[in-house]
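Single-structure report; data block below.
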Amino acid sequence: MKTTTLLRGAATPFLAIALLIGARNAPAAANDHFADAAVISALPYTISSSNADATRQPGEPAHYGSTNGHSVWWTWTAPSSGPMQINCLGSSIRSVVAVYTGAAVGSLTPVASGRGNHLVNFAAVAGTTYHIALDSLDAGSYGSFTFRLLDGVAPPANDAFADATVITGNSCSLSGHSNAGATKEPGEPAHAGDLGGKSVWWKWTAPASGTFQLETTGSTFDTLLAVYAGSSVGSLSLIASNDNFSGMTSLVTFSAVAGMEYRFVVDGWAAREGQITLILTPPSNDAFANATVATLSGGVYYGVNGVFNTNATKEAGEPNHAGNAGGKSLWWAWTAPANGSCHVDTIGSAFNTLLAVYTGQAVNSLTEIASNDDSPMMPPASELSFNATAGTTYRIAVDGYSGASDWITLNLLFAPITELIVNGDFEAGNAGFSNDYVYSPADMTPQGVYCVVANPASVMSNWGSFGDHTTGTGLMLLANGDANPTNTVWRQTILVATNAAYLFSAWAASAYPENPARFFFFVNGQQQGNSVVLPSANGLWQNYSVIWSSSNSVTALLEIRMLSTEFFGNDFVLDDLSFRRLAVDLPPPHLSIQHVIAEAAVVLSWPSVLNQLYQLQWVPGLETNQWFSLDAPRLGTGSAILVTNSIEGSPRRFFRVIPVN
């Protein structure tokens with residue numbers, strides 16, 4: 001006799017087909033349809049069953065957003081009023097449940113819904129008949145479940161929108177609150193894009209206009225957070241919302257208008273519940289009057305990272321920073337501890353910044369000291385330098401070009417030590433420096449000649465008429481640009497200390513608008529930073545600077561070299577050249593962060609110090625960290641690295657560069 005042997009755990013194709021056909025033809029659950037709902041007559045009620053062959057009826061609503069199509073039904077008439085709870089804990093499927101009132105499957109009124117594997121609460125009214133549906137959360141999924149209807153926990157006092165707890169003042173830190181037993185009302189929106197199901201409410205009237213921050217840091221569960229305007233739960237206008245800002249914590253910043261009422265809601269992701277901490281922070285440095293005080297570290301450096309201007313505002317009377325309307329400014333205040341040079345930049349910020357420095361006591365009566373849109377060396381970041389006076393308070397504004405916003409990095413470097421360059425303001429005339437140009441005050445027509453003058457137009461009538469940078473009435477170096485890029489227009493040798501940091505800067509302007517001049521900074525024969533391109537407008541003074549580390553050097557050969565190939569134009573002036581040692585060696589470079597799209601390559605740039613080892617980190621979704629060593633282990637001032645999608649990660653990535661001790 002011919003026999004067939006079946007391995008344990010295996011089935012022939014014919015048997016598999018038979019099993020599948022059998023499953024398809026199995027009778028549906030008795031309570032598959034709304035009209036055949038199982039009647040719950042007594043509590044507590046528990047049943048274990050399956051929705052494997054259940055179906056979806058025409059007109060049936062989407063239960064908690066699910067249209068999987070394997071729904072089963074129960075009906076229950078409340079004998080008395082009180083809180084009720086449904087759960088499907090221990091089920092083999094991820095389930096959703098929804099509670100309705102109504103007489104037909106196509107005309108139901110929702111009461112509550114949520115994920116049955118968590119707790120779903122609703123407030124029952126005596127004599128009301130409720131229809132309860134269970135379906136699978138995941139498409140194509142079905143199987144066994146355990147369904148329970150029990151007496152519930154009394155909902156919190158601020159469960160309903162109409163019963164929102166009142167918050168007063170411009171700040172609060174609330175703890176000891178819970179959303180256990182909370183419900184979601186009919187018509188209530190999905191907060192931060194998740195259906196939630198256990199929301200509690202607060203209402204707050206803004207005592208003043210400004211940018212406020214609201215967060216759930218300290219809560220014991222995965223929160224959803226939203227801020228709305230509106231007088232009813234079904235007609236709300238979203239102001240701001242967030243699911244996960246950092247881990248399970250939610251955080252939003254929003255612009256409030258004095259006297260306007262706002263609604264705050266905290267819900268649980270996937271209807272989770274627990275203890276709530278709600279923190280409202282008053283306006284930080286959005287307003288000029290609330291400027292953050294910048295305090296130097298080691299007397300030389302101030303840095304801030306991780307500040308967003310996303311919901312910042314522009315005040316009435318506030319100037320246009322760097323000539324652009326902007327619209328999302330933040331403010332800092334810094335008081336110079338001594339006379340010296342100050343360098344400020346936004347290198348590492350994640351958007352096109354505007355930067356400006358002022359003096360003055362009110363936002364509508366400021367005196368501009370310096371401003372910049374795009375750094376000549378690292379656009380679209382901004383950078384500027386100015387001579388600071390001891391005891392003077394300077395107001396620093398960072399804004400976004402045309403209202404741009406994102407992550408801000410702000411750096412301030414101060415060099416209070418005595419000036420090391422001799423005759424850097426040229427008030428001593430043609431003395432104290434050398435170059436490859438020809439001194440020719442009588443004839444400035446040939447290329448590669450220079451002189452020291454008070455006004456370029458006094459030498460050639462078609463050159464711009466303007467004063468020097470120092471006082472407007474002093475002297476400056478005027479050059480007819482040379483087309484030979486190896487020629488140095490200014491040179492001086494300085495004695496330096498080893499392993500010290502120095503700030504090398506110069507003020508420059510165009511003297512003729514055609515073919516604006518380009519030049520480089522060199523120290524000991526090494527180019528520092530990128531090339532500088534002067535503005536085409538005559539007499540528009542701009543400051544350019546680099547940070548240089550001496551390493552083992554005891555001298556610094558400072559040079560400014562031209563780079564131009566045009567015969568006409570490229571005529572320029574220099575003034576107030578400066579080379580100063582920073583009060584102490586540079587502290588570890590500040591954290592520098594940018595975020596990019598994974599599909600595109602990006603050049604990450606940051607200010608760094610020679611002989612310092614750096615590491616690159618990317619943080620996908622701000623959840624897990626991965627580190628990568630840089631190909632170039634020792635990078636100099638203005639370091640950069642090309643990052644492409646060869647590094648695996650999420651589409652939106654945060655990069656940062658840190659020093660390695």
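Since the model is a prediction, treat every value here as computed from it, not as a measurement. Hydrogens, waters and symmetry mates play no part in the numbers below; they use all other heavy atoms, side chains included.
Atom CD1 of residue Ile560 and atom CD of residue Gln492 lie 10.5 Å apart, to the nearest 0.5 angstrom. Here the OG atom belonging to Ser578 is positioned 3.5 Å from the CD atom belonging to Glu419, to the nearest 0.5 angstrom. The OH atom of Tyr502 sits 7.0 Å away from the CH2 atom of Trp548 when rounded to the nearest 0.5 Å. Note that CG of Asn244 is 11.5 Å distant from CG of Leu251, once rounded to the nearest 0.5 Å. The structure places CG of Leu296 at 6.0 Å from CG of Leu412, a figure rounded to the nearest 0.5 Å. For the atom pair Phe519 CZ and Met562 CE, the distance stands at 9.0 Å (nearest 0.5 Å).
Legend: residues meeting side chain to side chain contact (heavy atoms under 4.5 Å, CB included) with Ser329, ordered by chain and number and at least two apart, are Glu318, His321, Trp331, Asp399. Scored by the side chain to side chain contact (heavy atoms under 4.5 Å, CB included) test, Ser434 finds Arg491 as partners (sequence neighbours excluded). Checked against side chain to side chain contact (heavy atoms under 4.5 Å, CB included), Ala362 has the following partners two or more places apart in sequence or in another chain: Asn364, Ser365.
The shortest distance between side-chain heavy atoms of Thr392 and Thr359 falls below 4.5 Å. You'll find the side chain of Ser382 stays beyond 4.5 Å of the side chain of Ser375, heavy atoms only. Under the 4.5 Å side-chain criterion, counting only non-hydrogen atoms from C-beta, Trp541 is in contact with Met476. Put simply, the side chain of Val489 reaches to within 4.5 Å of the side chain of Leu477, judged on heavy atoms. Using a 4.5 Å cut-off on side-chain heavy atoms (C-beta onward), Asp373 and Asn352 make contact. Annotation: side chain of Leu558 is in contact with side chain of Ile494 (closest heavy-atom distance under 4.5 Å). Between Ile421 and Leu577, the closest side-chain pair of non-hydrogen atoms falls below 4.5 Å. Proximity of Leu478 to Met444: side-chain heavy atoms (C-beta onward) are separated by under 4.5 Å at one or more points.
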- [ ] Begin with the C-alpha distance, continue with both residues' side-chain angles, and end with the deciding distance and a verdict on side chain to side chain contact (heavy atoms under 4.5 Å, CB included) for Leu540 and Gln542.
- [x] CA-CA 6 Å; Leu540 182 58; Gln542 297 279 356; 4.0 Å; yes

TODO: Apply side chain to side chain donor-acceptor pair (under 3.5 Å) to Ser553 and Ser551, showing your working.
DONE: CA-CA 6 Å; Ser553 300; Ser551 186; over 6 Å; no

- [ ] Determine, step by step, whether Tyr544 and Phe521 satisfy the ring-ring contact (aromatic ring centres under 6.0 Å, His included) criterion, reporting the C-alpha distance in whole Å, the side-chain angles of both residues, the deciding distance to 0.1 Å, and the verdict.
- [x] CA-CA 9 Å; Tyr544 307 95; Phe521 286 101; 7.4 Å; no

- [ ] List the steps, then state whether ring-ring contact (aromatic ring centres under 6.0 Å, His included) holds for Phe426 with Phe433.
- [x] CA-CA 10 Å; Phe426 301 102; Phe433 63 93; 5.5 Å; yes

- [ ] Let me see the working for Val344 and Leu355 under side chain to side chain contact (heavy atoms under 4.5 Å, CB included), right down to the final yes or no.
- [x] CA-CA 8 Å; Val344 186; Leu355 178 65; 4.0 Å; yes

TODO: Take Asn515 and Asn570 through the side chain to side chain donor-acceptor pair (under 3.5 Å) test and state the conclusion after the steps.
DONE: CA-CA 5 Å; Asn515 299 322; Asn570 59 68; over 6 Å; no

Task: side chain to side chain contact (heavy atoms under 4.5 Å, CB included) assessment of Tyr358 paired with Ile396 - done: CA-CA 7 Å; Tyr358 304 90; Ile396 303 169; over 6 Å; no

Open item on the list: Tyr450 vs Asn430, test: side chain to side chain donor-acceptor pair (under 3.5 Å). Steps then yes/no.
Closed with: CA-CA 10 Å; Tyr450 79 101; Asn430 184 34; 2.7 Å; yes

TODO: Using the side chain to side chain contact (heavy atoms under 4.5 Å, CB included) rule, take Ser371 and Val357 through it: C-alpha gap first, then chi angles, then the decisive distance, then the call.
DONE: CA-CA 6 Å; Ser371 66; Val357 176; over 6 Å; no

- [ ] For ring-ring contact (aromatic ring centres under 6.0 Å, His included), just list the numbers for Phe414 and Tyr302, CA-CA rounded to whole Å, side-chain angles, deciding distance to a tenth of an Å, and then say yes or no.
- [x] CA-CA 9 Å; Phe414 178 58; Tyr302 171 79; over 10 Å; no

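The heavy-atom pair separating Gly464 from Asn455 by the smallest distance is O-OD1, 3.6 Å. Taking both residues in full, the closest heavy atoms of Thr471 and Asp468 are given as N-OD1, 3.3 Å, listed atom of the first, atom of the second, then distance. Nearest approach of Asn320 to Asn324, heavy atoms of both residues: CB-O, 3.3 Å. The heavy-atom pair separating His343 from Ser545 by the smallest distance is ND1-OG, 2.9 Å. Residues Cys451 and Val459 approach most closely at SG-CG2, 4.1 Å, considering heavy atoms. Here the closest heavy-atom approach between residue Ala479 and residue Tyr437 is recorded as CB-CE2, 4.1 Å.
Of the possible donor and acceptor atoms, one in the side chain of Asn524 sits under 3.5 Å from a partner among the backbone N and O of Leu557. Asn372 places no side-chain N or O within donor-acceptor distance of the main-chain N or O of Leu384, the cut-off being under 3.5 Å.
One side chain, Thr335 or Thr393, offers a donor N or O that lies under 3.5 Å from an acceptor on the other. A donor atom on one side chain and an acceptor atom on the other are not found under 3.5 Å apart for Asn285 and Asn290. Inspection of the Asp286 and Thr313 side chains reveals an N or O donor paired with an N or O acceptor under 3.5 Å. Residues Asn538 and Ser510 have side chains that never bring a donor and an acceptor to within less than 3.5 angstrom of each other. Residues Asn411 and Asp345 have side chains that bring a donor and an acceptor to within less than 3.5 angstrom of each other. Counting only N and O atoms by type, the side chains of Asp425 and Thr470 include no donor and acceptor under 3.5 Å apart. Judged by distance alone, the side chains of Thr346 and Thr353 do bring a donor and an acceptor atom under 3.5 Å apart.
Summarising the local packing, CD of Gln526 is surrounded by 12 or fewer heavy atoms from other residues, nucleotides or ligands at distances under 6.0 Å.
Both tests hold for Arg561 against Phe522: distance to the six-membered ring centre under 6.0 Å, angle to the ring axis within 45°.
Each of Asn309, Val398, Ile408 was evaluated against Ser349; a single residue qualifies, Ile408, per the side chain to side chain contact (heavy atoms under 4.5 Å, CB included) test.
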